[in-house]
Amino acid sequence: MLRAAAATTAGFLPPRLAAETAPAVRVVTAAGAEVRSSPLLRVLGVPRGGAGIGSATPGRRMCFGSDSDSSGSAVDSDSDASSAAGAGEEESEGNRSSSAVAPAIVRPEDCHTVIAMPLPHQPLFPGFFMAMSVKDPKLLKALVENHKRSFPYAGAFLVKNEEDTDSNTVTCSDSKKIIHDLKGKELLKRLHEIGTLAKITSIQGDQVLLLGHCRLRITEMVEEDPLTVKVDHLKHIVDFNYQRLADFGAAISVTNKLLCQGVLEELDVSKRLMLTLELVKRELEITKLQQSIAKAIEEKITGEQRRYLLNEQLKAIKKELGLETDDKTALSEKFRKRIESRKEKCPSHVLQVIEEELTKLQLLEASSSEFGVTSNYLDWLTVLPWGDYSDENFDVHRAQRILDEDHYGLIDVKERILEFIAVGKLRGSSQGKIICLCGPPGVGKTSIGRSVARALNRKFYRFSVGGLSDIAEIKGHRRTYVGAMPGKMVQCLKSVGTSNPLVLIDEIDKLGRGYSGDPASALLELLDPEQNANFLDHYLDVPIDLSKVLFVCTANVIEMIPGPLLDRMEIITIAGYITDEKMHIARGYLEKNTREACGIMLEQVEVKDSALLALIENYCREAGVRNLQKQIEKVYRKIALQLVRQGVSNEPAREITLVEPSEQPTGVSIAREVENESQSHSLAEDVSVHVTPTDISCEKINVVSLTTKSEVDHYEHPKGASKETSADDKATLTNTSGKIETNEGTEEVMEALVDKTVEKVVVDASNLDNFVGKAVFQPERIYDQTPVGVVMGLAWNAMGGSTLYIETAKVEDGEKKGALVVTGQLGDVMKESAQIAHTVCRSVLHEKEPNNSFFTKSKLHLHVPAGATPKDGPSAGCTMVTSMLSLAMGKLVKKDLAMTGEVTLTGRILPIGGVKEKTIAARRSGIKTIIFPAANRRDFDELAPNVKEGLEVHFVDKYSEIYDLAFPSDSQA
């Protein structure tokens with residue numbers, strides 16, 4: 001007799017799903033034999049083995065026990081919540097021992113207390129599977145125990161969003177982290193009230209597979225950890241009908257989880273279907289958008305592939321026909337053609353590298369990155385002018401002419417350059433020297449280098465190293481770097497196309513130094529004649545001969561050039577221009593070029609010499625002429641504005657169409673140029689004029705319409721123009737037809753011209769400030785005759801030379817009050833010079849006037865104006881001594897006297913620097929007598945004659961000689 005008791009739920013899966021997911025069932029016979037049946041036979045109600053099991057009652061399903069503890073059972077299809085009891089069959093006592101009884105199974109509708117499982121993302125719908133990971137160990141343990149006790153059910157509830165959290169932006173990791181931290185009542189508050197009763201079909205590790213059964217509503221909490229709640233069953237779905245359709249649509253949706261939860265909570269079927277319809281429509285729109293994007297991408301990719309295939313086919317066809325070669329072959333032929341013309345001059349080691357790289361290029365794929373690196377490398381190797389030199393011209397007379405054309409003055413500089421060219425002529429080559437042109441800004445250092453290149457017939461290349469801190473700019477980058485390039489020297493050779501250019505390295509005194517190395521040290525290999533014959537660029541990685549290159553460097557301050565570099569240079573100092581030189585430069589070069597650049601004609605403006613002189617002395621005292629050029633441009637811009645406001649236009653003359661008169665005496669048709677298209681509708685009316693062509697002369701044709709005599713008069717005499725004309729010069733104008741009276745041999749055409757008087761703009765010293773503003777510099781010479789205690793000194797700065805006064809005054813008198821106070825923002829060297837001068841004054845005064853105790857009893861104050869300008873240097877010593885002695889003896893210093901020199905405690909005068917700059921400053925201030933140290937005699941003798949002209953210069957070794965020159969016997973105060 002077979003006894004079986006099972007509690008079942010109504011079937012809620014489609015037959016196919018039930019057949020695939022249900023475990024194999026067993027049938028226990030009365031004899032105790034076990035017969036297994038397949039899921040398919042179970043669904044059909046026909047057990048395997050047929051006879052011996054018994055037949056099923058018509059219209060009812062059979063109850064089968066699972067071979068696992070948690071297996072479900074089939075239920076009667078006629079009842080929503082029915083139970084099936086096994087009917088025992090009386091059998092013999094002997095056969096009872098072999099019988100088996102299926103264990104009781106909990107029905108889903110009997111589950112009123114369940115473990116609450118939080119769902120972070122989507123709700124679980126009845127009839128659908130969901131796999132989830134359970135990280136809470138207590139919850140997982142409880143689920144496993146329920147599964148073993150034949151209670152494989154739990155409640156699945158969606159987690160609510162936090163109040164300030166968007167459900168679309170919460171990530172998976174964030175939501176899981178928040179859920180795991182919640183327990184008990186806190187977790188219950190975060191769960192939606194309505195959920196789903198889920199059957200635990202399997203547990204693998206922490207992965208739990210759930211199958212939704214029916215909807216639940218939480219009523220109260222039973223246990224906190226794990227969270228266990230009491231629930232009410234809302235409704236049990238049996239068949240795959242409209243309710244199941246709504247759940248199916250919501251389950252496959254991936255939209256907002258709150259909308260899906262709304263479908264789960266809605267019990268009204270029609271409303272549930274509407275909500276599901278909205279979800280499905282949204283999914284449809286998203287799918288359409290994704291499909292359109294995918295289609296566009298696919299079409300783009302397909303088009304590019306098609307174009308690529310067609311191009312490849314075209315290349316193959318051209319290659320077969322001999323019309324075109326592939327990239328590698330074309331590049332190789334181009335590189336071989338370049339090097340073929342220089343093969344005899346190119347060094348053998350370079351040819352070897354080129355051949356190796358060409359072989360390597362043929363083995364590389366054109367699409368590889370190494371192919372691009374190799375082709376670029378070959379491009380640089382083959383484009384350089386290996387062995388190509390320009391013919392040098394060592395004609396000294398030609399060089400003299402070129403230097404004079406480009407620069408006025410600078411006689412000593414030109415002489416040094418001509419000496420250099422003369423040596424090159426005798427040697428046959430000018431390499432081996434590094435010239436450094438040193439001087440203030442704007443004196444023409446760069447332009448002199450360009451003139452030297454033109455004189456020697458060399459190509460010119462300039463690059464600046466001011467602020468350069470990366471040695472790769474000089475020696476190149478390694479080819480392993482992305483975007484690697486050769487250094488400046490290799491770029492220079494490629495640009496000029498010869499191996500012996502003149503390279504001007506600008507601002508070499510402003511080299512930087514950074515983490516990428518020391519550029520000054522890298523320049524040593526480039527400039528040193530002993531090393532640059534085998535200069536190695538990091539990119540080319542082959543030696544390059546730079547011994548034939550002539551290097552010219554420029555600097556403002558020699559002291560800023562690194563010592564090893566300075567040791568390899570030949571210094572040519574460009575001190576600057578004196579006032580006379582600036583006048584010639586301004587008149588012969590700057591003013592002419594600026595006038596032409598501004599479009600002003602010579603007869604329209606006159607800039608007098610007094611204006612240029614005032615501009616040089618009061619606005620442009622710098623050693624160079626760059627600022628002078630700026631000021632002249634400023635003047636001419638103002639003049640251009642004045643001329644334009646007067647109606648002047650210096651545009652080139654345009655072609656004028658002249659209309660010949662017709663055979664009938666209809667007068668003259670004057671064709672006028674239409675300058676404004678917007679006024680073309682009112683222009684060029686025919687006028688009958690009886691006039692001799694030579695009677696009217698003007699510069700430009702104005703567009704007018706002459707219809708009456710008054711209009712003709714107005715046209716002949718415009719406002720502002722002179723009306724003085726003779727009777728013979730006046731034209732007889734009529735409105736009747738007539739003939740033109742012309743001189744014999746003249747054409748029967750005429751040109752209408754209008755006289756216009758323009759006032760010439762004159763610029764002189766009186767109105768110069770109207771063009772350039774208030775004077776920048778005031779006269780350096782304050783005194784015509786310096787008072788007692790004041791002496792003029794000479795100073796040097798980066799902008800040239802200047803004069804300054806040293807003033808000494810007595811502050812306090814009394815026994816043992818001798819002291820010295822210095823002001824004027826003096827540096828440490830000048831402060832020491834003042835103390836030395838104070839000591840020397842005591843010795844000189846004791847020698848000249850033994851009874852004079854001035855320095856013993858007097859506290860002195862020495863000041864060097866202007867106080868806002870920092871000053872330092874040793875060359876003011878003799879000037880300080882003279883100033884203190886003048887105050888101590890009450891004697892005036894010789895008029896128009898300036899001096900410079902360093903003094904020692906024993907009264908010796910030491911040499912100084914900046915002789916030319918100081919001489920120029922003295923001339924600018926009207927000084928007639930200059931005192932220099934005897935050691936600077938040669939420096940002064942090398943100056944140009946125009947610099948030394950009109951000056952009385954004394955060279956002294958001891959201060960006693962200065963005393964005799966500064967204090968004549970009759971200069972008593």
Report task. Any chance you could measure Leu527, atom CG, to Cys553, atom SG, to the nearest 0.5 Å? Result ->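 So the gap between those two atoms works out to 5.5 Å.
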With sequence neighbours excluded, what pairs up with [X] under the side-chain hydrogen bond (donor to acceptor under 3.5 Å, both in side chains) test?
| X | value |
| --- | --- |
| Asn593 | none |
| Thr446 | Asp506 |
| Asp580 | none |

Requested in this report: State, to 0.1 Å, how close Asp957 and Ala934 come at their nearest heavy-atom pair, and which atoms those are.
Outcome: OD1-CB, 2.8 Å
Query - Residues forming a ring-ring contact (aromatic ring centres under 6.0 Å, His included) with His838, sequence neighbours excluded - result: Phe855
**Report entry** Steps toward ring-ring contact (aromatic ring centres under 6.0 Å, His included) verdict (Tyr783, Tyr805)
**Finding:** CA-CA 10 Å; Tyr783 308 104; Tyr805 288 97; 5.3 Å; yes
Report task. State whether the number of non-hydrogen atoms from other residues, nucleotides or ligands found under 6.0 Å of Lys848 atom NZ is greater than 12. Result ->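 For Lys848, atom NZ is crowded (more than 12 foreign heavy atoms under 6.0 Å).
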Query raised in the report: Does CD belonging to Glu405 count more than 12 external heavy atoms closer than 6.0 Å?
Result: yes
Query raised in the report: Taking it one step at a time, do Glu570 and Arg416 satisfy salt bridge (charged side-chain N to carboxylate O under 4.0 Å, His left out)?
Result: CA-CA 10 Å; Glu570 183 174 348; Arg416 293 285 299 275; 3.6 Å; yes
Requested in this report: Could you tell me which residues satisfy salt bridge (charged side-chain N to carboxylate O under 4.0 Å, His left out) with Glu617, sequence neighbours excluded, listed by chain and number?
Outcome: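 If we apply the salt bridge (charged side-chain N to carboxylate O under 4.0 Å, His left out) test to Glu617, skipping adjacent residues, there are no hits.
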Check for a donor-acceptor pair, side chain of [X] on one end and backbone N or O of [Y] on the other, with a separation under 3.5 Å.
| X | Y | answer |
| --- | --- | --- |
| Ser886 | Gly789 | yes |
| Gln785 | Val893 | yes |
| Ser447 | Gly444 | yes |

Query raised in the report: Are Lys414 and Glu419 ion-paired here, with the side-chain N under 4.0 Å from a carboxylate O?
Result: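 No.
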Donor-acceptor pairs under 3.5 angstrom involving side-chain atoms of residues 908-917: please list them, not counting sequence neighbours.
none

Requested in this report: Please work out which of the three classes, parallel, tilted or perpendicular, describes the rings of Phe940 and Phe932, given edges at 30° and 60°.
Outcome: tilted
Query raised in the report: Would Lys510 and Asn556 count as having a side-chain donor-acceptor pair, cut-off 3.5 Å?
Result: yes
